[in-house]
Structure formats: C-alpha cells, structure tokens
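Written below as structure tokens is the structure these notes are about.
No hydrogens, no waters, no symmetry mates; every other heavy atom, side chains included, goes into these values. In what follows, chains are A, B, ... by sequence order, proteins preceding strands, each numbered from 1.
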Number of protein chains: 2
Amino acid sequence: MSNSTPATIEDVARIAEVSIATVSRAIHMPEKVANSTRLKVSQAIAITGYTTNAMARSLRLGRSNMILVVAPDIGDPNFSSILVGLENEARSHGYGILIGHTQNDAQRGLEYLKFLNSNQAAGLILFTGILPFGHQTMTARLPPSVGVFEPVFNGGIPYVGVDDIEGARKAVDLLLAEGHRKIAFIGDSRTRLAYTRRRMGYEAGMDAAGVGADLRIVLEGDGTIESGRLAVEQLFMRDTLPTAFMCVNDQTAIGVMIGLGARGYDIPRDFSVTGFDDVPQAAFMSPALTTIRQPRTLIGKHAMALLLELLSDGQPAETEILLRPDLVVRNSVSAPSREWATR
Amino acid sequence: MSNSTPATIEDVARIAEVSIATVSRAIHMPEKVANSTRLKVSQAIAITGYTTNAMARSLRLGRSNMILVVAPDIGDPNFSSILVGLENEARSHGYGILIGHTQNDAQRGLEYLKFLNSNQAAGLILFTGILPFGHQTMTARLPPSVGVFEPVFNGGIPYVGVDDIEGARKAVDLLLAEGHRKIAFIGDSRTRLAYTRRRMGYEAGMDAAGVGADLRIVLEGDGTIESGRLAVEQLFMRDTLPTAFMCVNDQTAIGVMIGLGARGYDIPRDFSVTGFDDVPQAAFMSPALTTIRQPRTLIGKHAMALLLELLSDGQPAETEILLRPDLVVRNSVSAPSREWATR
DNA sequence: AGATGCTATGTAAACCTTTACATAGATGAT
DNA sequence: ATCATCTATGTAAAGGTTTACATAGCATCT
C-alpha cells in the first residue's frame, strides 16, 4: 500500500486486469470506457494509491502543469496577495505555480528563459512591464503569457490590472472636493507604465476642475520611500508649497509623510497626502493613509484564469482586463488649512 | 536556430557527429570525453541553442529539480523575505521553487501530498510546525524536508530558525534595564511552538532579575492584531496594570498599541511595548516599534542549503540551525513613568 | 448471410534522457 | 607476438505516460 516505490499505471492495470491504455483512458476520457471497467480501475487506483507521474505525463504531452511567475522583486508588498490569487486559481485547475524573481538582473532573466526552453513551464505570468530576457527576447519561444498590473512593453501580451487613470482620478477628485487646488503629484515615469497612467489621471482631474498649469507641481521620483522623502525636501527649496501631495504609490506617500513629519508638520492639518495601492502598511501609518485600493487577490485570480484560458483555447478572449480601483478614505486628508490656502 | 520545436540531444549529436551518449557525457561528466569531442559538442550546443529537457531528465533520474515550499499563509508578512533567501539559494544550485499554501485546510494539504507522490518535487520546505497532511501523514512517503522557524511537530525533520528563547530574553532584559518590573507577556501557546519558546525567554529573564510571580502577567492570544487589542481590554478589567507589554510577535504588539492608543494613552510615556519578528511594518508604526529581528533572508538561505545538502548526502549534517536574533531599538520603550511605577 | 458500423479494449510507438554494458583502438608489459 | 589494461565512444534499455492504430465482438441494415 504505502510501498517504498510509488505505484505506476502498470500496477493499476495488473490489479484491474486491463491494459495500461484502458487505465489511462479511464482516468482521462471516462466516457470512452465501459462502466464495469471503469469501476475495476477506480478500485485498483484506490488500492494502490496511484498518482499519475507528472514528469512522464509532461514528457509525453510536451508541456508541464506548472506556471512560472516572474517578478522583479518577491519582497514587494504588492506581491504576496497577488500570489494568493494566482495560486488558488492555478491549484484548482491542476496547475502549480513556480516563482522566480529577477531583481532586474539580466543574467537571472536568461536563466528563466532557459528554464522555459526546457519545457518546465506551460505558461508565464509577468509582473514586470517588460520581458526580462534581454536581447534574446526577440527570438525566444515563449509559452502563453499574461502580464499583471500593466501591459508588457515589448510583447503583445494580454494583461490584467486596475484602471490606473480612473484610480488616480478618484484621488485627485477627493483632494479637489476637500478644497485643495495646489496639488503636487509625486510621480515616477521611469520604472512602470502604470505610474505614467496615474499621472494622466492626475492631469485629467486637474483639467476637469479647471485648475491651471500654474498650480500644478509634478516631481519625478522612483517609487521608493526615500524618493518620497526627497520630494518633500525639494519642494521646500522652492518658493511655493502645495497644500496636498498626491503620490504615485503608497511607498512614496509614506516617504512624504516621513519627510513632512521630520519637519514638524502635522498631517492632515498642515498637508494632505494620498497614496495608491493600499499596501498592508498603509492602514497602520499614523495617520492612516488615504489611498486607492488595488484588488490584488482578484487581479491574481483573473490573471491566472486568463492564462489558463489561453492554454486551452490558444486565443485570448480579451487583451486586457481592467478592474475597478476603490478609494479608501482614512485620515491623511482634510480641507487645506487657512494658512496655506491663502498663500 | 530559434525553431518552432526546441532542439533535442539528438540534434546536437547529429551536428557534432557523435552519439547522444557522448553528448550527455560531455555535459555531465566532461572529464570522460576527449577534448576535441568536447569542443565539437559545445559548438553544436551553441548552434542549436540546446537545453536539456527537464522533464525527460527528471523522469529518467526519478527525481525533479523542484523544491516544494508549503506555508500556511503566503500573505504572512514574514513569508516573502524568507522566500527571497530560499529562491536565491535554490536557483544557484539549479533548483526551482514551487510554492503552495494550505490556509490550514486539510484538503489542500492532501493535494500537496499527491503532488509529492507524483514525483514533482525533490524536496520539501515546511513553514508550519506540523506536517499538513492530516491522517495520511504517518504513511506518507516524504522527500527530504526541512522546517523553517520551528521544529516540525510530528516528523523528525531538521529545521532552521532563530533562537527564540534568546530573542525573547533580549526583549525582557531591555525592559528590565529600563526599570520595568511589572511586565505583561501577551503570548500564544497554541499556534506555534516558537511562541512557547518566546515565553520561556520571558520567564527566564524575569527569574534572572528576581521578579516574583506576583508581578508577572501572562495573557494568551493567538498572535493576531486583534488579539493584541483584546489583551489590552482584558488587562484594563483587572485591578493591576503592567508598565510594559512584551508581545509574542509584532502583530500582537501592533494590536496592543492600537488598543492603548484608543484609550488615549501615549507610548512610550505611559506604557512600553516590544514585539518580535521585525515585520516591515514595525519600523513605520508611530512610535516605531522596538522589536527583535529575525534574519529572514538568511534563514531562507540556510534552510535551502541544508535541504540541498540532505538531497546529495542523504544525512543531515545538523538537526537544527539556530540563528542569532537581534534587538532593534526604536521608540516604543522608555523608563516607566512615575505614576505607574509607584502603583 | 454478408456488409457495415459502432464500441470497448489492446498493442506498440513516441516523448527525451541517462547509463550499464559492449566494443574498438591504443598503450604497455611479458 | 600475445595478452592485459585503459580510454573514448557507441548501442540499447529503461523510466511512466498518452494515443494512433489495430482488432474483436456485437448490433443493425439490406
């Protein structure tokens, strides 16, 4: 029963007194085998504790039941809940997920490419906005792939994310509704396309409210806590200060709050701050950060579902799935204080 | 070159004008093949872009180059940095990592067992303190395994973690040095063995300082933010309050800080609080949480290294590796205020 | 009764490797 | 010159599956 070596399809066939072909059919195409036979087979499977050897199956079929997930950084606070969604969906369809991170290192990217070439993964989920395979990308034979968060720059790959423009719009609109006009956008146009879209949302909101270019301040950061802190420093060197900071992501917002705190200002009394992403930390800042939530687990689920569909149909039903971002109001936003407002 | 179907060892053999056996040998036992032949083979490999088909290799060898990592919850803030360590170490030895989470669901545990039975993983990393395979655990054929954070309850499996007793000791000692005597320990003796050890560190520290049992308060929680909050409520129902809260982990500490904050108290003026783990959030609390750091990436690295050793040697060099936990002093601890101290 | 078609099952090849065993050639010892 | 060794390579089997093709039994139709 629980022998030292696992049961093979031959063991099952012997006990059920049929051929191995019939066993295989009983498992994968039950309608093709007689009821009585099917019964004998399932009994034999129960007796032996047989499980299909995945390696043999993959070898024969020419593809595995593993999905490779590549992210630039597994430690990213956005990563783990996405993973939950991906994993659940994959598992329930008989797939496993395999994770890798590139740390923006081309060498590692290449290793994953080799990995794919050796047939170890049937599909690919990409977190980065780019295919991380360097100059070999063009000639690479890639399995069906889908991107998460943003379109993949150099490959015609469907993706699942959030409507960044709409999300950013919700943040500006809140700020505008509170009475802010001079709103600084602390952005990052280099690392991720999604960030550029968020800026578009900011501009659109300002346009719609009739706020002129003279009241807009846009600073480029790189999406890190440190860059948020730095942005504050830069702003204090200029002669005009905003009454609110709209940040491209929560990390930046946290940096801004730290920078403002270090100068002795109170949020939201002196300045309002918004983020984007709703990382777990956001709720525990003091004050708790008002931000835009990305439904991460759901994104993961949809991304995997789309990939699985691709795997069976070959054709993507849709080329992008945009989920709705939600405004989550906490305590980092209030009306501008008189002092600043009259400046 | 970048054909539709990947090159096999036969393609390489044909181009190099040798047999497939020689190609295989040139790759895996280069010293067994003549220099001239080796050269021809590597040229042929370069031309074809050949990569060994991992499925075929695993099938022939009877084991894969994948390591299964099972955690109760991927979303755990402790998880991702461990993953980084695991992944880096595995990758550099030609292994990939496969992740799964059980969510404490026995059904899912069984799925992973089937997974292992189908030979898809050469080794197993366990985050839970238990083997998550229900009643089948006893009879299960398990591959070489190692635990992370704490010993695996029902299997003689080596593990890598932090010295929890020593870590907890550092926390109490800090509190004692600041002058606290009445220190409450908010613990959790149910979910993880590591937590029980932390309590042992607390008791040992109190013993060493000669603080009697009448000044010790121990409350049982379950390691969540909510349970920390609840502990505070309970304590306020009693007639005596501690001057400091030593919490079994950061989540609990965060809960305690929230509870105390809600009642209008200031930390660390009115109460001191310590955590354990140093989750990313801890640094951004207000006040920033004084806690005990687990070197997570390092733990991951060591755990994987140990597993890889097991995989090649068969015998574990050591049965447990305990890393040193570090005290990280931030702003949630100070001397007890006069008011409470004289109580 | 013979032809036809359908259903359920079996036989054997293929997927790509690794490696035990065989072989051939070269070297060295007697 | 014969034999033993050694080195470099080739041949073929094995690993566990899936599936095209073959076959056998049976029912249906003319």
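- Summarising the geometry, the separation between CG on A:N53 and C1' on C:dC15 is reported as 13 Å, rounded to the nearest angstrom.
- Counting any heavy atom pair closer than 4.0 Å across all strands shown, A:L59 reaches a base atom.
- For the pair A:R63 CZ and D:dT17 C1', the computed distance is 14 Å after rounding to whole Å.
- When heavy atoms are screened at a 4.0 angstrom cut-off, B:T22 is found touching the sugar-phosphate backbone but no base atom.
- Residues B:A56 and B:M29 each lie close to DNA chain C; by heavy-atom proximity, the contact nearer the 5' end of the strand is made by B:A56.
- As judged by a 4.0 angstrom heavy-atom cut-off over every strand, B:L61 is placed among residues touching the sugar-phosphate backbone only.
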For this session: Would you sort out whether B:L124 and B:Y112 count as a side-chain contact (heavy atoms from CB on, under 4.5 Å), showing the intermediate values?
Result: CA-CA 10 Å; B:L124 181 59; B:Y112 292 114; over 6 Å; no
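- Along DNA chain C, the nucleotide nearest to B:A7 and the one nearest to A:V18 differ in position, and the one closer to the 5' end is contacted by A:V18.
- Between the side chain of A:R25 and the base of C:dG10 there is at least one donor-acceptor pair of N/O atoms closer than 3.5 Å.
- A side-chain donor from one of B:N35 and B:R38 sits under 3.5 Å from a side-chain acceptor of the other.
- Between the CD1 atom of B:I9 and the C1' atom of C:dT18 there is a distance of 8 Å, rounded to whole Å.
- The side chain of A:S24 contributes an N or O atom lying less than 4.0 Å from OP1 or OP2 of D:dT18.
- Taking only side-chain nitrogens and oxygens, B:R60 never comes nearer than 4.0 Å to OP1 or OP2 of C:dC16.
- Across all strands, B:A21 comes closer than 4.0 Å to base atoms (heavy-atom distances).
- Rounded to whole Å, the distance from CD1 on B:I20 to C1' on C:dC15 is 13 Å.
- The distance from atom CE of A:M55 to atom C1' of C:dC15 is 13 Å, rounded to the nearest whole Å.
- Using a 4.0 Å heavy-atom cutoff across all strands shown, B:S58 reaches no nucleic acid atom at all.
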Problem set entry | Evaluation steps, side-chain contact (heavy atoms from CB on, under 4.5 Å), between A:I97 and A:M304 | CA-CA 10 Å; A:I97 84 171; A:M304 186 55 73; 3.9 Å; yes
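- Heavy-atom minimum distance, A:R108 versus B:N88: NH1-OD1, 3.3 Å.
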